[in-house]
Amino acid sequence: MFFLRQLTHTILLHPSYFGAQLEDYLRQKLYEDVEGTCSGKYGYIISVVTINDIGEGKIMPGTGQARFKCSYTAIVMKPFKGEVVDGKVVNVNKMGFFAMVGPLQVFVSSHLVHADMKFDPNASPQCYRSNDEVIQRDTCVRMEIVGCRIEANDIFAIGTIKKDFMGQIQD
Amino acid sequence: MSDDERSSSPDIKSDDEAPSHTAVRGKKRPRIADPDEEDDEEQQDQGGNQDDDDEDDEDDDDEDEDDDDDDDDGDRRRKRSKHHKKKRPANRFLDVEAVVDDDEEEEDEDDNYEDVREFIEEGAPEAGEGEQGHHRRLHREMRREEEPNIEEILAGIKERHARQAKYNADSDQVPQRLLMPGVDDPSLWQVRVKTGRERAITASIFRKVFHSTYSGNPIEVMSVFYRDSLPGLIYLEARQSAAVHAAVAGIVGVYLSRGVQLVPIEEMAPLLRIKKKEINLTPGMWVRLKRGKYTGDLAQVIDVDQLTSGVVGVKFIPRIDLTPREKKQERLANGKGSLGGTFRPTQRLFNYEDVRKIYGRGQVRPGAQGAYVFDGDEYLDGFCVKDLKINLLTTEDVQPTLEEVSRFAGDDGAGKFDLSTIADANRHVSSAFLTVGDQVEVYEGELAGMYGTVETIASDTISIKAIGGEIHGQMVEVPARSVRKKFDIGEHVKIITGKNTDVSGMIVDVKGDVVTLMSDQGQQEIKVFSKDVRKAADIAGGSQTLGLYDVHELVMLDPTTAAVIVKVEGNQLRVLDQNGISRVVKPTEVTLRRDNARYAVATDSAGNDMKVGDAMKEVEGESRRGEVINISRSLFVWLHNRDHGENYGVFVARASALVSVTPKSATADLTKMNPALNQQLPYGGASLMPPPQAAGNRKIINTYVVVTKGTYKGLQGVIKDVVGANEARVELATNNKTITIATASLKRKDTKTGATYPLDTGGMGAGAGGGGGYGGGPRGGAGGGGGYDVNPYGNMGPPANGGGRTPAGGRFGQTPNPYAMGGYGKTPNPYAGGGAGGKTPGWGANAGGKTPGWAGAGANAGGKTPGWAGSGGKTPGWAGASGGKTPMAGYGGDGGRTPGWGGARPDGGKTPNPYANSAPTPGYNDPGTSRGPMSAPTPYGGPSAYSAPTPGAALSAPTPAPAGGFSAPTPYSAPTPGMALSAPTPGIALSAPTPGGALSAPTPGVGPTPFGAPTPFGAPTPYGGHAAASMSHGGSQGHLQWDWALDFRNVIVTVGPSQRANSRNPRHFQRGFYDGKQLGIEALAGEMVQCRSMEDQHQVDIPAEYLLPVAPDREGQVVIVIGGEHKGQQRTTQYKSDNQWMTEPEAGDIVGAVLDENQLARIWRE
């Protein structure tokens, strides 16, 4: 699920950056630092929408570096149990398949695939096949997240397609 | 006597058992209440029998038969003991008087237990013997009549009891305790024997002792026994160790050398105690096999019909050797035993076809109910079905694993087998695995199907808070054994026991007791019992840590071998070392390199640096991709990719065999844009600088040399290559041979003059620096080597060369350093700091020598760096500085005069020059000066300053402005001789209006400040204007530095007014005595120039500031260019036109250069 959330980020800036362009640096660095990262607490930071406050720089004793506490608003994505998501299959093996939902990797175990869907190791590329569906690399699938493993800076989810209206998205 | 019998009998000391091990009955015999002579004899007979039995045993190895014998034996004895009991009452009846005897005995042994026994036996018959004969009845009646005496009797009884009280504290135990051996009893002696031979040795001793019983000196050993549980030990009961020695003497397998040990009295009884094991086997139970090739294999009990006889039917997965028959026969021929031997075949279900193929039809025959008989064993449904004795099975602590059990179920997996049987096997531990807060499911009993959360745990019962259903929220107590943990799909759990301990993963399937989880670490599914799993914390569940050690951290296995942790296995770490070998180590065996990942960098095959976290790909081999997780020594890179199965996705590669998957973005690294950081690393980092020695040597390549020593002495050639530190390969001019020769035996030879100079890198470097400057400058980078070769200096002969060296240093040595005066004395030379002069004197010198090369490097943006060339060529001071003189001299030389300073900055060419855009602003700061005048206005231009990669912009920009900038710092306005350095350098403005130009600002005789910049020091800055002016004029009107003469020797000069700004000297040298006279420069002495008059050869020392060059006045004169981009070159005039001279083309020139008259000085002695 996507959220618009206000977050803060602390930037340490080397004294050599102090100057007229300091703010540009800070903005650039903020984007580079946070966009595309993931925090277990808030999820994936997709994009910084606005930088609300760049804060006052405080010189750190000893290093001379300045510390800026930037406050910004970003679009974050965090998966939840029970959420239905669409993703693209990136990897298929006998244990199941991996799908990417944006930055999030979702694993769908072969146990969580319809019983009539069988792994076909001989096909190229390998796929899960039933009478009317084929799930292989680059297939778009709709799945329900049944569990998330949330680490400090990574999120990994397990999904199921063993439910109605789940599975391959037919165009 | 056999193991079986003993293990099943409750006490080896019982009467039944004891005789079998008793060679000679000692004191205990008489204790039997009624010693019977006949019985005794029988006993001895039996002893003989036993002996026979034992002999049988020896002869016949068949254990079963032996057992039977023993059983028979035992039966007989049992009968006999019954017989005893029957006899006893009869005896008692007959021996009414004998009771008195007993009484007497009782008197004798007052404290003996017989006393008690007699008393009890006495009492007992009274009740039970009612139907005896009249005699007895009468007797009883008589006793009844004695009833009035009952008090007496009671008193007597009481008295007796009182006496017994000390024994009788707990009467049951008295006999047992009294049977305990004491000091008076024979001792037990422990003897070591060969393991496995205990039984035979025991029998031998028995026989030996028995035979000696009736000999002259019997062996006084009462009994011999051994215990199965104590292999290699037998025990003898004897009073003295001598008897033990006698008994075991001569028996093979007894290790008498290891001593005969006395068993302490208190240990004697425990030694003989047998723990009674409750063996409770039911079909379906899991057991393990103990013996043979199946040791440790799991088996299932299928038949307990013969349990009483100690045999159970089990089935297990056979291990049949399916290797080709010939091999097997070979093995058999080698005497390596029968099937199996030392070789242990793998577990595999019996397959008739396979076995028949290997062993032939004859070996396998079908049995009943689809079974097959092979090699004496029966195989049913692929399993081996066999009746085994219980003692060949382990029944306790079996703990079958899921893998083993599922093999019994066949390949179909968990579906077929009865989970309850495994659960049964594991049940007794289940409550231990519950913790408060666990989600559990009641799966049996009246609450079956209920879910709840564990609230409290007692030993056997737990209370759970029900979830759902009618009793939602209530607390219920259930037996711990009837619940199992409940997990949902998708939960993140951790395995807490078993071989996959500490693996965490997410549940993908739950079937009853078995959960399937997808491991976080490797791409694998693991099936485990739910009891072995607990919920993992949501956060940080994936990071497996063991103390300090975390997955993907770098550890050092030894000082040279690094490894990365790929998995934490219990108390051990699985690591992948730098050679790609995976191994398991203990944390104590390694040292952790914490934070290595944060700083480590390496260079990939494309020369880009990589850091931890970068996505890389192999350029060779399997082209594996992965994310860098650690780097060791910038050489070994560990990468991780979930898709790789082995080593949990971690693999190791060499840094040079990797390439970035994504092209490096130029803007990504902010540190790259940081001018300040870049400034610290000119030439792109000190590390890139070649080793000084090698660099120095390389410079002499292409030098024309003459060999001065050795067999090749006198031969001339060109240095083609440098070998090692001090050898060169010289291509000889004479015979086109290339020889390798020490540079020490080479001398530079000037092709024109034929003069030779030492090929000395240090001293000559200075001279070469000059030469390089002159020669190479005009040609930019291209003519670098050539500049060296055609050293115009060389043409001037030795004095000039010497001048090239000595005065260079000397001048700055003597001259008050302009910059030092300005407060720069303490500032480190930026160049020195930059790693050129300061670090490597040799480099500095040779850099000077090879200036064109540098010029090229420095000019790659601006194209030409005459300024640089100037500094290299014209700055002996620089060379001097490099050679060990004060760096400031070098600085001064450069900073003061270098027109191309900006371009010449080593990093200027490589990095975006931040000063480029600031050029048009008055705030221009020379990097050198910017260190001083910190009060100067902001040096940074617009935002684009950082993106402008053209130092050349600065170089070529019309920069009168610096004048303003330079007006700020004090040093420049100081009237130091250094200030005038730029004066006689007409070419300076032409090539690059750089700070150098500005530096020369205070030069007198220049026009008014065009910019009128109100400089802080009030010093007019005419030179800024002049620079601008000269720019506008192109090269037509350059201006010489006042000290130009200090760079040249052997030129003709004339004397004129001082050109030096603020000179302390009078305007005219010796009041104009020499004005207009032509003199030749002979040598330099500090700032004084030794001149020799052209007219009368009179020598005079004239300060350089009064000297002016003498321009050529006709064609064909040899001149030297003293300013401009061709500075230092030697030319020959061709014709003149408008104050400009066309010169003859030199080697490498297409056409001759057109040079300003003012920039030429005639050579004095050609």
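Lettering follows sequence order; numbering is per chain, from 1. Just so it is clear, the model here is predicted, and its values are computed rather than measured.
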With sequence neighbours left out, write down each residue that passes side-chain hydrogen bond (donor to acceptor under 3.5 Å, both in side chains) with A:Asp53, or none if nothing qualifies.
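Once residues adjacent in sequence are excluded, A:Asp53 has no partner under the side-chain hydrogen bond (donor to acceptor under 3.5 Å, both in side chains) criterion.
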
Any residue of residues 110-145 of chain A which, by heavy atoms, sits under 4.5 Å from chain B
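Residues A:Ser110, A:His111, A:Leu112 are the ones that qualify, each having a heavy atom under 4.5 Å from chain B.
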
Gap between atom [atom2] of [Y] and atom [atom1] of [X] - 0.5 Å precision:
| X | Y | atom1 | atom2 | value |
| --- | --- | --- | --- | --- |
| B:Arg625 | B:Leu639 | CZ | CG | 12.0 Å |
| A:Lys29 | A:Leu12 | NZ | CG | 8.5 Å |
| B:His552 | B:Ile565 | NE2 | CD1 | 9.5 Å |

Please check if atom CD in A:Gln170 has more than 12 non-hydrogen atoms from other residues, nucleotides or ligands closer than 6.0 Å.
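Check passes, neighbour count above 12.
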
Using the ring of each side chain (for Trp, its six-membered ring), is A:Tyr72 parallel, tilted or perpendicular to A:His9, with breaks at 30° and 60°?
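Perpendicular: the ring planes of A:Tyr72 and A:His9 meet at over 60°.
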
